[in-house]
Amino acid sequence: MSNAQIQAAQALKSVARNAQMKTYIQQSAELYPFLLQVSKRFITGESSDEALATGNSLLAKGYAVSLEYIGENTASIDECQQAKNEFLNLIEKMGTVSMKQTVSLDLSHIGLAIDAALTLSHLIELAEKAKRYDITLMISMEESSKTDEILSIYKKVSKQYPNIGITIQVYLYRSDQDIKELMHYPGKIRLVKGAYEESSDLAMIRSKELDERYLKFAKLLMAAHHPLSIATHDEMIIKELKKDQSFHQPNVETEMLYGVCSNLMKNLKEEGYHTKVYLTYGKDWYLYLCHRIAEYPENLYHAVVDMIHAPGKIDRAY
Ligand code: FDA
């Protein structure tokens with residue numbers, strides 16, 4: 001990336017965390033629909049039915065899917081309960097059509113910004129219902145200030161609910177140690193590079209060293225036959241992992257965000273690898289959209305076009 005692109009990415013990541021800006025956009029009758037057009041490149045829609053429809057069409061083509069009702073940092077108990085209820089409804093809808101797939105969530109969406117005990121009880125309720133329908137839950141990883149709490153909640157539930165997995169950000173220096181500990185828990189580990197703006201004493205920037213670290217963690221988990229999601233769009237990392245026979249293991253999957261690198265995903269599926277598309281829905285797409293633009297500045301050009309001319313049919317290779 002050029003210096004200008006790096007600065008633009010940092011600016012977007014810091015504005016992504018600006019709660020006032022997020023509220024302003026969500027409440028603005030003019031701005032919200034404009035930016036919704038832009039977000040449609042990456043989200044399936046505002047309702048679970050739209051996400052389920054996209055999910056079903058991807059399943060019919062041979063992909064697995066994970067679905068997320070998007071949101072984070074929910075500020076009141078009522079809203080946390082509403083979010084939890086939406087997840088329960090989503091699981092129910094998936095269960096009734098035997099969609100034995102994954103539901104992804106941020107713990108701060110269902111309570112972490114208020115109280116760890118509330119979060120734990122909501123997570124257990126979701127895991128119980130998911131278990132009944134053979135659905136897995138995947139916990140996302142948020143800012144580093146929340147990592148300890150997120151891991152602590154995961155460790156409390158993991159052994160009783162092996163249908164819960166956890167996301168680890170390779171860019172955090174602490175992840176070396178965290179992965180060693182998490183290998184003693186049964187849940188799937190989803191490896192991501194990391195999307196948040198973090199200080200340089202806590203996290204690495206995008207670099208060759210980061211890519212090597214990703215490969216090191218992935219190979220460690222594959223060698224241990226630990227359930228693993230390779231959640232990256234990085235073609236070089238995937239090319240390198242393909243050299244390892246264990247990349248074909250049934251408990252190893254490649255997971256990519258909806259609307260990102262769909263060609264690469266399609267090729268992997270056609271080569272017989274386990275591929276999963278990560279689908280999001282809801283109205284709270286502000287942070288998600290900022291991150292998608294920040295990590296690939298060319299998306300800014302798409303954003304400008306989508307804002308001015310509502311996108312017609314977006315070209316996706318799936
Ligand atoms: P990198 O950013 O180095 O990009 C490699 C290449 O991929 C780019 O050169 C480009 O070709 C392509 N690419 C990447 N992003 C693109 C985009 N938006 N548009 C178009 N092309 C793009 N993060 C986090 O902190 N917590 C979490 O819980 C999650 N959860 C999560 C789940 C899943 C399934 C995925 C795939 C990713 C996440 N992430 C995440 C996001 C993750 O941390 C990371 O920011 C993105 O995956 C982008 O990083 P890459 O690994 O793709 O590499």
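All ligand and atom numbering here is 1-based and tracks the order in the structure. Note that the structure is predicted; figures quoted are calculated from it, not measured.
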Residues L228, N251; criterion side-chain contact (heavy atoms from CB on, under 4.5 Å); working and verdict: CA-CA 6 Å; L228 174 64; N251 62 358; over 6 Å; no
Is the Y63 ring parallel, tilted or perpendicular to the Y318 ring (thresholds 30°, 60°)?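 Y63 and Y318: perpendicular rings.
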What do you reckon, does [X] have a nitrogen or oxygen under 3.5 Å from a nitrogen or oxygen of ligand 1?
| X | result |
| --- | --- |
| Y171 | no |
| G194 | yes |
| R292 | yes |
| F42 | no |
| A195 | yes |

Determine whether a donor-acceptor pair (N or O, by modelled atom type, separation under 3.5 Å) exists between the side chain of [X] and the backbone of [Y].
| X | Y | result |
| --- | --- | --- |
| N163 | L137 | no |
| H233 | M265 | no |
| Y185 | P162 | no |
| K40 | D306 | no |
| S262 | A317 | yes |
| S229 | R190 | no |

In terms of atom number and element, which parts of ligand 1 are under 4.0 angstrom from non-hydrogen atoms of [X]?
| X | value |
| --- | --- |
| Q169 | 24 (C), 25 (O), 26 (N) |
| L257 | 33 (C), 34 (C), 35 (C), 36 (C), 37 (C) |
| S140 | 28 (O) |
| Y196 | 25 (O) |

Option set [options], criterion heavy-atom distance to [atom], minimum:
| atom | options | result |
| --- | --- | --- |
| atom 14 (C) of ligand 1 | R190, K13, R41, H233 | H233 |
| atom 3 (O) of ligand 1 | E255, K193, E253 | K193 |
| atom 48 (C) of ligand 1 | M236, E295, E142, K276 | E295 |

Has R292 got its NZ or CZ under 6.0 Å from the middle of the six-membered ring of Y288, at an angle within 45 degrees of the ring axis?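 Positive - R292 is close enough to the ring of Y288 and near enough to its axis.
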For C261, which part has a heavy atom under 4.0 Å from ligand 1: side chain, backbone, both, or neither?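 C261 to ligand 1: side-chain contact only, backbone stays beyond 4.0 Å.
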Select one of side chain, backbone, both or neither to describe which atoms of D106 lie under 4.0 Å from any atom of ligand 1, heavy atoms only.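 It is neither part, as no heavy atom is under 4.0 Å.
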[atom]: which protein heavy atom is closest, and how many Å away?
| atom | answer |
| --- | --- |
| atom 50 (P) of ligand 1 | T232 OG1, 3.5 Å |
| atom 22 (C) of ligand 1 | V260 CG1, 3.6 Å |
| atom 38 (C) of ligand 1 | V192 CG1, 3.5 Å |
| atom 20 (C) of ligand 1 | Y296 CD2, 3.2 Å |
| atom 2 (O) of ligand 1 | R206 NE, 2.9 Å |
| atom 26 (N) of ligand 1 | M141 O, 2.8 Å |
| atom 19 (N) of ligand 1 | N299 ND2, 2.9 Å |

Is there a protein heavy atom less than 4.0 Å away from atom 30 (N) of ligand 1?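 Neighbour list for atom 30 (N) of ligand 1 includes protein heavy atoms (cut-off 4.0 Å).
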Determine, stepwise, if the pair Y196 / K13 fulfils side-chain contact (heavy atoms from CB on, under 4.5 Å). CA-CA 6 Å; Y196 294 83; K13 284 184 183 183; over 6 Å; no
Are I166 and M183 connected in the hydrophobic side-chain network, where two residues link if heavy atoms are under 4.5 Å apart?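 Cluster IDs for I166 and M183 match.
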Counting heavy atoms not belonging to Y24, are there more than 12 under 6.0 Å from its OH?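 Atom OH in Y24 is not crowded, with 12 or fewer foreign heavy atoms closer than 6.0 Å.
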Pick out which of I135, L126, V65, L88 makes a side chain to side chain contact (heavy atoms under 4.5 Å, CB included) with V103.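 The residue from I135, L126, V65, L88 that satisfies side chain to side chain contact (heavy atoms under 4.5 Å, CB included) with V103 turns out to be I135.
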